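Okay, structure first, notes after.
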Amino acid sequence: MSTILIVEQVLNGLQFGVMLFLMAAGLTLIFGVMGLINLAHGSLYMVGGFVAAVVAGLTGSFTLALIAAMAAAAMAGALIEMTVIRRLYHTDHLDQVLATFALILIFSEGTRWAFGSFPLYLSRPEALAGSVTLPFGIEYPLYRLALIGAGLAVAVGLWLLIAKTRLGIQIRAGENDREMIAALGVDIRTLYTFVFALGAALAGLAGALVGAIQSVQVGMGEPVLILAFVVIVIGGIGSIKGAFVGALIVGLTDTLGGIFLPELFKLVMEPAAATQVGASLSSMAIYLLMAIVLIWKPTGLYGARTA
Amino acid sequence: MSREWIVNAALIAGLIAVPLWAHLSGEPFTITLATRAVIFALAAVGLNLALGLGGMVSFGHAVFFGLGGYSMGILAHHAQNFLPLYDGLFLIEGTKSMPVIWLVAILVSALAALLIGLLSLRTSGVYFIMITLAFGQMFYYFAISWRAYGGEDGLSIWVRNGFPGLNTLDPIQFYCLCFALLCAALWLSARIARSPFGLVLNAARQVPARVETVGLDGQRAKLVAFVISGAITGLAGALFADLNRFVSPTMFSWHMSGEIMIFIILGGVARLFGPVAGAVLFVAMEHVLGDLWDHWHILLGGLLLVIVLFGRGGVIGLLAGKAQSHD
C-alpha cells in the first residue's frame with residue numbers, strides 16, 4: 001500500500017464527490033425552496049449525458065457539448081416544472097414521489113426508444129487528454145483533475161449566487177417564508193421555475209462531465225440519484241453546505257472503502273475471503289454511514305428543518 | 001351494500017373465474033399471469049398496511065420482497081445440491097417444502113423490517129422516504145456482491161418447491177395456494193384496520209400529538225405495522241421466486257419498490273382492495289400493452305401521472321366513487 005496509491009484514491013474520491021455535489025446541490029436546493037422531492041433529477045443527468053454525446057459527435061467540440069447539455073437539461077427541467085412539477089408543490093411527498101417516478105419511466109423509456117439500449121460514446125477533450133505529474137511523482141489523469149476543479153468552481157459560484165446576489169436573497173427568503181416573499185412582490189412562480197431549471201442545469205452538467213469517463217446510457221442517472229439522496233440526507237436536506245460536505249464524505253467513503261476494506265480484512269482473514277467480505281461491505285459502506293449519521297442526528301449534519 | 005363492496009366482490013369473482021376458465025380451456029399462460037398478479041397484489045397488500053394505514057411512505061419494500069425471494073432461493077439451493085446450510089454444532093439443511101420456506105421468509109423479512117423500522121422511524125417525512133430507499137439499495141448491492149449465492153446472476157431452482165398434499169407444478173394448484181394467501185392477507189388487513197391497534201395507527205398517522213397526549217405509543221404502533229407489512233411482502237417475495245423458479249438482485253432494486261407502490265396507487269390509496277385492483281391492472285397492461293409496444297413504460301408513466309395529478313382514487317375510486325371514511 002504505497003503513498004502514491006493512497007493519494008490517487010483520495011483524488012478519485014474527491015472527483016466522485018464533487019460530481020455528486022453537482023447532483024445533490026440541485027436536489028437540496030429544490031427541496032429547500034419548493035419542498036419537493038424530485039426523483040426525476042437523475043433523468044436530467046441522463047439528458048445532459050445524451051445531449052453532450054450527440055452534440056460532441058456532430059460538432060467535435062467538447063465546450064459546445066457542455067453548453068448544449070446544460071441548456072438542454074435546463075430546458076427539460078423548466079418544461080417539466082411548468083407542466084407537472086408545479087402542480088405538486090402543495091401535495092404530500094407520496095404524490096411527489098409517484099409523479100416524479102412516472103417522469104423517470106417516461107424519460108428512460110423515451111430515451112431508449114430514441115437511442116436504443118446501446119451506450120453512446122463521449123470522448124474527453126483533446127486538451128485534457130493526457131495525465132499530469134503531481135508533486136512526489138504522482139501521475140494523475142488531467143481530465144479527472146479538471147473535473148475536481150470544475151466541481152469546486154461550481155460550488156464557489158453557487159455560494160456566491162446564494163450569498164451575494166439579489167436572486168440569492170430571494171431564494172433564501174423563499175426557503176423561509178414563501179407567502180411573505182410573494183406578498184413583497186416577488187414573482188414566486190418564475191423564481192420556482194428558475195430554481196428548478198438551475199438544479200436541472202447542474203445535473204445536466206454533471207451528466208455530461210461524467211459521461212466522458214463512463215458510458216452514456218439509459219439509466220445512467222439512477223445510481224447517481226440514489227447516492228445524491230444519501231448525500232443530502234447525510235448533509236441535511238435543504239442545506240447547500242451540507243450537500244457539499246456530504247458529497248465529499250460519500251465520494252471518499254465509496255472510493256476508499258472499495259480499495260481499503262479488502263486490504264483491512266486481509267490482516268485478519270485469508271485473502272480470498274477478505275476480498276469477498278471487503279467488497280460486500282464496501283458496497284454497503286455509505287449506507288451504513290448514513291444510518292450512523294441519522295442515529296446521531298436525525299435531520300442530518302446541517303439540517304435544521306424537520307421535514 | 002356500498003359500490004366499493006360490489007367492485008371488490010367483482011374483483012374476487014374475476015380472480016376465481018378467469019384462472020378457472022383458463023384451466024378448463026387449457027391456457028396455462030393465463031393462469032401464470034393471474035398468479036403473477038395475485039403475488040404482486042399480496043406484496044402491495046403488505047406495503048399498504050404501512051403506507052395506507054400507517055402513513056409510512058416506504059420506498060424500500062423491495063428489501064422484504066427480495067429477502068423473501070432469497071429465503072426461498074437459498075433454502076432450495078442447498079436442498080437441491082445436498083449441501084448443508086450450516087454444519088457446526090448442529091446441522092441445518094436446506095428444504096424444498098413451501099410451508100417451511102414461507103415461515104423462514106416471513107421471519108427473515110419481519111426481522112429486517114424491525115431493524116430498518118427502528119432506524120428509519122427516528123425520522124419522518126421525506127427523510128423516511130430516502131432512508132428506506134437507501135436501505136433498499138444497500139441490500140441490492142449486497143446481493144450483487146455476494147458471490148456465494150450467484151451475485152449478479154442470481155440463483156435458479158430446478159423444480160418448484162412442494163406443498164403437502166398438492167402438486168405445485170400444476171399451474172392452477174399453485175395459483176390456488178397464492179390466492180388463498182392473498183385472501184388471508186386481505187382478511188388480516190381488514191381485521192387490523194378495525195382493531196384498536198388499527199385505530200391507534202390511523203390516529204398516529206393523522207394527529208401524532210393527540211395520540212401521545214392520551215397516553216398511547218404511536219411510534220410503537222407504527223413499528224409493529226411496519227414489521228407486519230414487511231413480513232407480508234416477504235411472503236410474496238418467496239412466492240414470486242417460486243413462480244419464476246429464479247431469484248436475482250433485481251428483486252431488491254428500487255424499481256421493484258416503486259412498482260409495489262404503483263400497484264397501490266393504480267388501484268386507489270387507502271382502500272382494502274386497492275392493491276389487488278392495481279396489481280391486476282398492472283399485469284394486464286404489462287401483457288397487453290407490452291405485446292403491442294416495447295416501450296409501454298411510457299404509457300404506464302403517463303397513466304400514473306394522470307392518476308396522481310387528477311384522480312387520487314385510482315381504479316377503485318373511478319368505479320366506486322369517493323372513499324367512505326367510516327363504514
Side-chain angles (χ1 to χ4, degrees), chain A residues 31 35-37 39 83-84 87-88 91-110 112-114 219 222-223 225-227 229-230 232-233 236-238 276-288 290-292 294-295 298-300 303 305-307, chain B residues 51-52 55-57 59 115-116 118-131 133-148 151 253-255 257-259 261-262 264-266 269 293-310 312:
Chain A
F31 186 83
L36 178 100
I37 166 171
L39 295 181
T83 51
V84 176
R87 301 167 195 274
L88 298 170
T91 59
D92 59 19
H93 292 313
L94 176 62
D95 282 0
Q96 300 175 349
V97 164
L98 288 162
T100 51
F101 190 79
L103 286 175
I104 295 183
L105 290 178
I106 296 171
F107 266 104
S108 294
E109 210 52 53
R112 188 172 290 134
W113 190 21
E222 293 173 6
L225 172 80
I226 291 166
L227 285 181
F229 276 141
V230 174
I232 66 174
V233 167
I237 304 176
Q276 178 64 51
V277 174
S280 305
L281 261 185
S282 71
S283 63
M284 297 164 67
I286 47 170
Y287 304 104
L288 292 174
M290 186 188 76
I292 293 166
L294 284 170
I295 293 167
T299 53
R305 85 177 51 221
T306 43
Chain B
L51 191 137
M56 292 170 277
V57 184
F59 208 155
L115 291 176
I116 293 177
L118 271 176
L119 288 173
S120 308
L121 282 170
R122 292 174 56 84
T123 65
S124 61
V126 74
Y127 280 90
F128 185 84
I129 299 175
M130 291 187 189
I131 286 158
L133 174 63
F135 274 118
Q137 289 303 102
M138 187 167 124
F139 279 86
Y140 175 68
Y141 286 116
F142 181 75
I144 282 184
S145 60
W146 201 15
R147 298 291 295 280
S253 80
W254 73 298
H255 279 271
S257 297
E259 275 177 14
M261 213 186 260
I262 288 177
I264 297 180
I265 308 308
L266 283 181
V269 188
W293 195 33
D294 282 345
H295 304 287
W296 73 281
H297 269 155
I298 297 180
L299 303 176
L300 176 67
L303 178 67
L304 194 58
L305 267 185
V306 169
I307 288 182
V308 172
L309 293 180
F310 304 109
R312 278 307 302 275

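Per chain, numbering begins at 1; letters A, B, ... match sequence-line order. The structure presented is a predicted model; accordingly, all values stated were derived computationally and were not measured.
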task: For B:Val308 and A:Ala99, work out which heavy atoms get closest and say how close.
output: CG1-CB, 4.1 Å
query: Do you know the tightest heavy-atom contact between A:Ala102 and B:Gly301?
result: CB-O, 3.3 Å
Contact origin within B:Ile131 toward chain A - heavy atom pairs under 4.5 Å: both
field: Max heavy-atom pair count under 4.5 Å with chain A, selected residue of B:Ile262, B:Asp294, B:Leu300, B:Ile144
entry: B:Ile262
field: Close side-chain approach of A:Leu88 and B:Leu309, heavy atoms under 4.5 Å
entry: yes
- prompt: Is there a side-chain contact between A:Phe101 and B:Ser257 (heavy atoms, below 4.5 Å)?
  reply: no
- prompt: How long is the gap from CZ on A:Phe31 to CE on B:Met130, to the nearest 0.5 Å?
  reply: 6.5 Å
Heavy-atom closest contact (A:Pro223 atom, B:Tyr141 atom, distance): CB-OH, 4.0 Å
query: For A:Val233, is it the side chain, the backbone, both, or neither that has a heavy atom closer than 4.5 Å to a heavy atom of chain B?
result: both
message: Walk me through whether B:Phe310 and A:Arg87 qualify under side-chain contact (heavy atoms from CB on, under 4.5 Å).
response: CA-CA 10 Å; B:Phe310 304 109; A:Arg87 301 167 195 274; 4.2 Å; yes
- prompt: How long is the gap from CD1 on A:Ile292 to CG on B:Leu119, to the nearest 0.5 Å?
  reply: 10.0 Å
query: Would you say the side chain of B:Val57 lies within less than 4.5 Å of the side chain of A:His93, judging by non-hydrogen atoms?
result: no
query: Under a 4.5 Å heavy-atom cut-off, does chain A meet the side chain of B:Leu51, its backbone, both or neither?
result: side chain
task: With rounding to the nearest 0.5 Å, note down the distance linking CD1 in B:Ile307 to CG in A:Leu98.
output: 10.0 Å
- request: Name the region of B:Leu305, side chain, backbone, both or neither, that has any atom closer than 4.5 Å to a heavy atom of chain A.
  value: both
message: What I'd like to find out is whether the side chain of B:Met138 reaches to under 4.5 Å of the side chain of A:Met290, using heavy atoms alone.
response: no
message: Classify the ring geometry of A:Trp113 against B:His295: parallel below 30°, tilted from 30° to 60°, perpendicular beyond 60°.
response: tilted
Interface moiety of A:Leu225 toward chain B, non-hydrogen atoms closer than 4.5 Å: side chain
message: Could you report the tightest heavy-atom contact between B:Tyr127 and A:Ile237, atom names first, then the distance?
response: OH-N, 2.9 Å
- line: Comparing A:Val84, A:Ile37, A:Ile226 against chain B, the one with the most heavy-atom pairs below 4.5 Å turns out to be A:Ile226
- prompt: About how many Å separate CG of A:Leu105 and CD of B:Glu259, when rounded to the nearest 0.5 Å?
  reply: 8.0 Å
message: Between A:Gln96 and B:Val126, is there a side-chain heavy-atom distance shorter than 4.5 Å?
response: no
Pairing residues for A:Glu109 by the salt bridge (charged side-chain N to carboxylate O under 4.0 Å, His left out) criterion, not counting sequence neighbours: A:Arg112
statement: Ranking A:Leu227, A:Val230, A:Leu39 by heavy-atom pairs under 4.5 Å to chain B gives rank one to A:Leu39
task: Identify which part of A:Ile286 has an atom lying under 4.5 Å from any heavy atom of chain B, answering side chain, backbone, both or neither.
output: neither
statement: Heavy atoms of B:Trp254 and A:Ile104 approach each other most closely as CH2-CD1, 3.5 Å
Which portion of B:Phe128 sits near chain A, non-hydrogen atoms under 4.5 angstrom: neither
message: Is A:Leu294 in contact with chain B via its backbone, its side chain, both, or neither, using a 4.5 Å heavy-atom distance?
response: both
